[in-house]
Amino acid sequence: MRILLTGGCGFIGSAVVRYLIEHTAHHVLNVDCMTYAASAENLSDIASNARYTHALIDIRNGGALRQVFDEYQPEAVMHLAAESHVDRSIDGPDAFVQTNVMGTYTLLEAARGYWHALSVEKKEAFRFLHISTDEVFGHLSKEDPPFTEATPYDPRSPYSATKAASDHLVRAWHSTYGMPTFVTNTTNNYGPRHFPEKLVPLMIIKALKRERLPVYGQGQNIRDWLYVEDHAEALVRAVERGVPGQTYAIGARQPHTNLDVVRKICAIVDELRPDHLEPRERLIDFVSDRPGHDFRYEIDPSHAERSLDWTATHSLDAGLRKTVQWYIDHQSWWQMIMDQRYNGQRLGKGS
Ligand code: NAD
Ligand code: DAU
């Protein structure tokens, strides 16, 4: 297939592009306008591959998108481009409405114009996969069963509200126009190339530097942690086998409190970077909570596992170990982001 993929220079997008190039014969056109969250180095190992191309286009630019659809003639779209950080959405929701809602709408319309003109056969084979989040379902108490595809939407942050809006648009384009769209809703990812302001990379970097580790509230919030390469595999299966109109809720069956995750990271860093000082766990600092902080996310991935013939293979311990090792081996990657994009400012609240 020729796949037009958006957001390929970000954390998950780059893992998906790498998976497509290294494990399949598909061709990829990566539409990414390179926001603060993007890094060209994320794809430096496959950038010269003949099956890969990058188009520096903002998904809010309908004219540029229409041109690229006409020129590239994709057989599928994988839409990952988004503003993705909850804390940023609280500080400045505008970019989230612009990219997640208007950008998705603009992409859908460009795709619809292109799709409409295809032959009947190609129209039927075309796929539009929208990559979304479990945050659209709101949050769970300790006793609630995990989210499934049937859980009603109840987004609570500007980020999740804009992702929910984009999910509704994508489904409406299927029911109204018959476009072969479908949606995946996934739990928290972690792994190599994760932007250093999200929990896991932030804690690894701070633990390596022996800085205070800012845990919101009492660290009792629960997330279901999926290793990014497992997610990339699931998304490729989804674009190959997904049924239009369906939803696939993708999770790892690995729920842990934030405190648990931070303690695990500290123990791994202590082991891989021993320095005879106090255990890094003592650097944990309970700081003021995120406003409207969702308590618990967890997905029941049974439907996706059955339909896509996929399960997450990394345990949290194994995935964290690989991730910590990657950050130890790639200090120049995160150091450059911190120096250039933050002008020396420290990352993370409470630091
Ligand atoms: P990210 O922030 O790391 O990367 C986003 C990418 O999109 C960047 O390369 C950026 O340059 C690009 N982008 C942003 N706005 C754009 C625009 N207007 N035009 C073109 N490109 C633009 O994000 P991520 O963590 O890799 O998440 C990717 C997708 O997966 C998002 O849609 C997110 O909502 C979803 N998701 C993420 C997680 C997670 O744990 N990170 C979990 C579930 C779902
Ligand atoms: O559930 C999927 C979502 O996971 C994705 O849709 C989002 O794009 C992705 O960013 C992620 O959202 P979270 O808000 O769960 O991720 P974050 O890494 O920001 O925070 C994880 C948890 O850790 C959350 O409960 C807040 C807490 N936290 C976060 C930071 C940055 C801290 O305690 N301290 C911190 O410094």
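Ligands are counted one by one from 1 in listed order, and the atoms in each one are counted from 1 as well.
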Could you tell me which atoms of ligand 2, counted from 1 in the order shown, lie closer than 4.0 angstrom to a heavy atom of [X]?
X      : value
Val86  : 14 (O)
His85  : 19 (O)
Tyr297 : 1 (O), 15 (O)
Tyr159 : 5 (C), 6 (O), 7 (C), 8 (O)
Thr133 : 1 (O), 2 (C), 3 (C), 5 (C), 6 (O)

Min heavy-atom dist [X] to ligand 1 below 4.0 Å:
X      : value
Ile57  : yes
Tyr159 : yes
Ser132 : yes

Among [options], which one has a heavy atom closest to [atom]?
atom                    : options                        : result
atom 27 (O) of ligand 1 : Thr6, Ile12, Asn100, Val228    : Ile12
atom 5 (C) of ligand 1  : Ala82, Ser84, Ser166           : Ala82
atom 13 (P) of ligand 2 : Arg88, Glu135, Lys198          : Glu135
atom 11 (C) of ligand 2 : Asn188, Thr187, Ile299, Asn258 : Asn188

May I ask you to identify, for Leu199, whether its side chain, its backbone, both or neither come under 4.0 Å of ligand 2 on a heavy-atom basis?
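Both backbone and side chain of Leu199 come within 4.0 Å of ligand 2.
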When you look for heavy atoms under 4.0 Å from ligand 2, do you find them on the side chain of Asn189, its backbone, both, or neither?
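Asn189 to ligand 2: no contact under 4.0 Å from either part.
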Kindly indicate whether the side chain of Phe128, heavy atoms from C-beta on, has any atom under 4.5 Å from the side chain of Val239.
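They are not in contact (no side-chain heavy atoms under 4.5 Å apart), so the answer is no.
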Taking 4.0 angstrom as the limit, do [X] and [Y] come out as a salt bridge?
X      : Y      : value
Glu121 : Lys123 : no
Asp224 : Arg253 : no
Arg280 : Asp275 : yes

Would the distance check show the side chain of Asn49 and the main-chain N or O of Ile46 forming a donor-acceptor pair, the cut-off being under 3.5 Å?
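Side chain of Asn49 to backbone of Ile46: no pair is present.
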Parallel, tilted or perpendicular: ring planes of Tyr36 versus Phe195, cut at 30 and 60 degrees:
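Because their plane-to-plane angle is over 60°, the rings of Tyr36 and Phe195 count as perpendicular.
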Backbone or side-chain N or O of Gly10 under 3.5 Å from ligand 1 N or O:
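Yes; at least one N/O pair falls below 3.5 Å.
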Are any of the N/O atoms in His231 less than 3.5 Å from those in ligand 1?
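N/O-N/O distance under 3.5 Å: no.
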Per-atom contacts of ligand 1 with Met34, taking only distances under 4.0 Å to non-hydrogen atoms
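Listed by number with element: 11 (O).
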Looking only at protein heavy atoms, which one is nearest to atom 28 (C) of ligand 1, and what is the separation?
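Looking only at protein heavy atoms, the one closest to atom 28 (C) of ligand 1 is Leu80 O, 3.5 Å.
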Is the closest heavy-atom distance from Glu197 to ligand 2 below 4.0 Å?
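Glu197 counts as a contact of ligand 2 under the 4.0 Å cut-off.
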Polar contact flag, side-chain donor to acceptor under 3.5 angstrom, Ser84-Lys198
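A pair is found: one side chain offers a donor N or O, the other an acceptor, under 3.5 Å apart.
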Do Ser166 and His130 meet the criterion of a side-chain donor-acceptor pair at a distance under 3.5 Å?
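Their side chains do contain a donor-acceptor pair, which is all the 3.5 Å distance test asks for.
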Should the proximity of Asn189 to ligand 1, defined as any heavy atom under 4.0 Å, be assigned to the side chain, the backbone, both, or neither?
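It is both parts that get close, each with some atom under 4.0 Å.
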